[in-house]
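To start, the structure under review is shown below, and the notes come after it.
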Number of protein chains: 2
Amino acid sequence: MIALGPLDELVGYHLRRASSAMRMDFAETFAETPMRQVLFGVLSVVSAMPGLSQGKVAEALGIRRANMVALVNELVDLGLIARTTDHRDRRAFSLSLTQAGEAMLHEALAQIRRHEDRMLENLTTTERSTLVNLLRKIHGSTSR
Amino acid sequence: MIALGPLDELVGYHLRRASSAMRMDFAETFAETPMRQVLFGVLSVVSAMPGLSQGKVAEALGIRRANMVALVNELVDLGLIARTTDHRDRRAFSLSLTQAGEAMLHEALAQIRRHEDRMLENLTTTERSTLVNLLRKIHGSTSR
DNA sequence: TATTGTTATACTCTATAACTATA
DNA sequence: TATAGTTATAGAGTATAACAATA
């Protein structure tokens, strides 16, 4: 085992490695499909708050509006979300899931739960919930 | 507060947000300098294991050899690490820190500790160490 | 044959600046 | 003037494949 030096005491380093491990296993889980972490995030928020504007969804997920455009285009092209102009503010788009989008959300969620169970098998249920609560304290954007 | 749906229960999501928050504050902390998370990682490992080959340093950090090349070039150009051919295996490079590299490692470490203290001010010392241990269980590459 | 470092390449993520249409 | 979405662009991270030199 190679010594890491002071790096090994830094939270930022371990966050990067753990996040990267999750991201890579997520990608493997959805290889040969268009699903990615960030696309699932959009589906989940739109499902929870149908009719929300594109910009608000981006804000909830910590995504810049400029970067949201291609993501929404992708999901619309895949037939997973519908984008309609808000009749009360014609600058804005209201997003909602199509039936295919709802189905995809639920299918993907089941796969993601298996992926997380696999990646987190060394953590007890309590540890897992402790971890989520500690992470929420760091990024500060919790919905509760 | 906007509801996130099932996303809010997923460890992968919170890892991504927390890691991203740390990465962005790190970048701000070292704005106007060439220091980045990954460059600090290389300096730290090389300092802990001087003489190690480029490939071994990459492996310890979870970096592909192909991507390591530019990082080492950058650190050599900055005068922070020395790259000498290993006389026992002339394919390999032995890496070590220059004096400037050692100085930079220690200066940057002090700044990183302040950055982490700032970002993690809502966590107790115990929570912080719990977090690191849980993250180690996920990525599995610990040096102890 | 296998390994070390290298080059070339490509895709994703993320950031900024400037534009348009609406408010 | 300000805001929602858009376009263009650029830097960083990370992945693969193929190559030269050496083992």
Side-chain angles (χ1 to χ4, degrees), chain A residues 12-13 15-28 30-42 51-76 81 83-95 139, chain B residues 12-13 15-28 30-42 51-76 81 83-95 139:
Chain A
Y13 168 69
L15 270 174
R16 199 164 68 83
R17 293 299 297 264
S19 180
S20 171
M22 293 295 286
R23 180 179 40 72
M24 286 192 293
D25 191 81
F26 189 105
E28 268 182 51
F30 291 96
E32 317 300 325
T33 86
M35 189 54 62
R36 304 194 305 280
Q37 282 184 325
V38 68
L39 293 182
F40 180 83
V42 175
L52 209 61
S53 77
Q54 192 169 310
K56 290 293 182 190
V57 173
E59 187 189 333
L61 291 165
I63 298 170
R64 299 295 167 114
R65 280 176 320 164
N67 296 326
M68 189 69 176
V69 177
L71 299 176
V72 172
N73 285 341
E74 205 173 338
L75 290 168
V76 169
I81 76 172
R83 178 174 44 190
T84 59
T85 62
D86 186 331
H87 58 284
R88 291 187 299 192
D89 181 347
R90 292 185 2 263
R91 293 172 303 182
F93 285 139
S94 286
L95 302 184
H139 69 72
Chain B
Y13 168 69
L15 270 175
R16 199 165 67 84
R17 294 299 299 263
S19 180
S20 171
M22 292 295 286
R23 180 178 42 70
M24 286 191 294
D25 191 80
F26 188 105
E28 269 181 51
F30 290 97
E32 318 300 325
T33 87
M35 190 54 64
R36 304 194 304 280
Q37 282 183 323
V38 68
L39 293 182
F40 180 83
V42 175
L52 210 60
S53 77
Q54 192 169 310
K56 290 293 181 190
V57 173
E59 187 190 333
L61 290 166
I63 297 169
R64 300 295 168 114
R65 280 176 318 161
N67 296 326
M68 189 68 177
V69 177
L71 299 176
V72 172
N73 285 341
E74 206 173 336
L75 290 168
V76 169
I81 77 173
R83 179 173 43 189
T84 61
T85 62
D86 186 331
H87 59 283
R88 291 189 298 193
D89 181 348
R90 290 181 7 259
R91 293 172 303 183
F93 285 139
S94 285
L95 303 184
H139 69 72

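None of these values were measured; they are calculated from a predicted model. So you know, we letter chains A, B, ... as the sequences are listed, proteins then strands, and number each from 1.
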Return no unless some side-chain N or O of A:Gln37 is found under 4.0 Å from OP1 or OP2 of C:dT12. no
Check the phosphate of C:dT16 against A:Arg64, side-chain N and O only, distance under 4.0 Å to OP1 or OP2. Yes or no? yes
N-O pairing of A:Arg23 and A:Glu28 below 4.0 Å: no
Please find the pair of heavy atoms, one from B:His87 and one from B:Arg90, that lie closest to each other, and give the distance. O-CG, 4.4 Å
Output yes when at least one side-chain N/O atom of B:Arg90 is less than 4.0 Å from OP1 or OP2 of D:dA21, else no. no
Would you say a side-chain N or O of B:Arg36 is under 4.0 Å from OP1 or OP2 of D:dG13? yes
Using a distance-only criterion (donor-acceptor N/O pair, under 3.5 Å, no hydrogens), is the base of C:dG5 paired with the side chain of B:Arg91? no
Taking any heavy-atom pair under 4.0 Å as a contact, classify A:Arg65: base, sugar-phosphate, or nothing. base
For DNA chain C, whose closest nucleotide is more 5', that of A:Arg88 or that of B:Ala92? B:Ala92
Nearest whole angstrom, please: distance from the P of D:dG13 to the CE of A:Met24. 15 Å
Using whole Å, report how far CG of A:Leu71 lies from C1' of C:dC11. 14 Å
With respect to the side chain of B:Ser53, which nucleotide from C:dC13, C:dG5, D:dG13 is positioned closest? C:dG5
Using a 4.0 Å heavy-atom cut-off, does B:Met68 contact any base of the nucleic acid, only the sugar-phosphate backbone, or nothing at all? nothing
Can you tell me which residue among B:Met24, B:Met22, B:Arg17, B:Arg16 is in a side chain to side chain contact (heavy atoms under 4.5 Å, CB included) with B:Ser20? B:Met24
When the distance from CZ of A:Phe93 to C1' of C:dT22 is rounded to whole Å, what number comes out? 12 Å
Base C:dA15 to side chain A:Asn67, donor-acceptor N/O within 3.5 Å cut-off: yes
May I ask you to evaluate whether A:Arg16 reaches the phosphate of D:dT14, defined as a side-chain N or O under 4.0 Å from OP1 or OP2? yes
Residue that, paired with A:Asn73, satisfies side chain to side chain contact (heavy atoms under 4.5 Å, CB included) out of A:Leu75, A:Val69, A:Leu71: A:Val69
For A:Met22 and D:dG13, give me the distance from atom CE to atom P, rounded to whole Å. 22 Å
Nucleotide of D:dA23, C:dA23, D:dT6 approaching B:Asp89 most closely (side-chain heavy atoms): D:dA23
Which is true for B:Ser20 with a 4.0 Å heavy-atom rule: it touches a base, it touches only sugar-phosphate, or it touches nothing? nothing
Of all the heavy-atom pairs spanning A:Gly51 and A:Ser94, show the shortest one and how long it is. O-OG, 3.2 Å
Nearest-Å distance, CZ (A:Phe26) to P (C:dC13)? 10 Å
What nucleotide among D:dT6, C:dC13, C:dT6 has an atom nearest to a side-chain atom of A:Val38? C:dC13
Starting at atom CD1 of A:Ile63, determine the distance to atom C1' of D:dA4, rounded to an integer number of angstrom. 16 Å
Rounded to whole Å, how long is the line connecting atom NZ of A:Lys56 with atom P of D:dT3? 10 Å
Per nearest nucleotide of DNA chain D, the residue lying toward the 5' end, A:Ala66 or B:Arg23, is A:Ala66
Whole angstroms only, please: what is the CG-P distance between B:Leu39 and D:dA12? 10 Å
Salt bridge (Lys or Arg N to Asp or Glu O under 4.0 Å) contacts in which one or both residues fall within residues 60-71 of chain A, not counting sequence neighbours: none
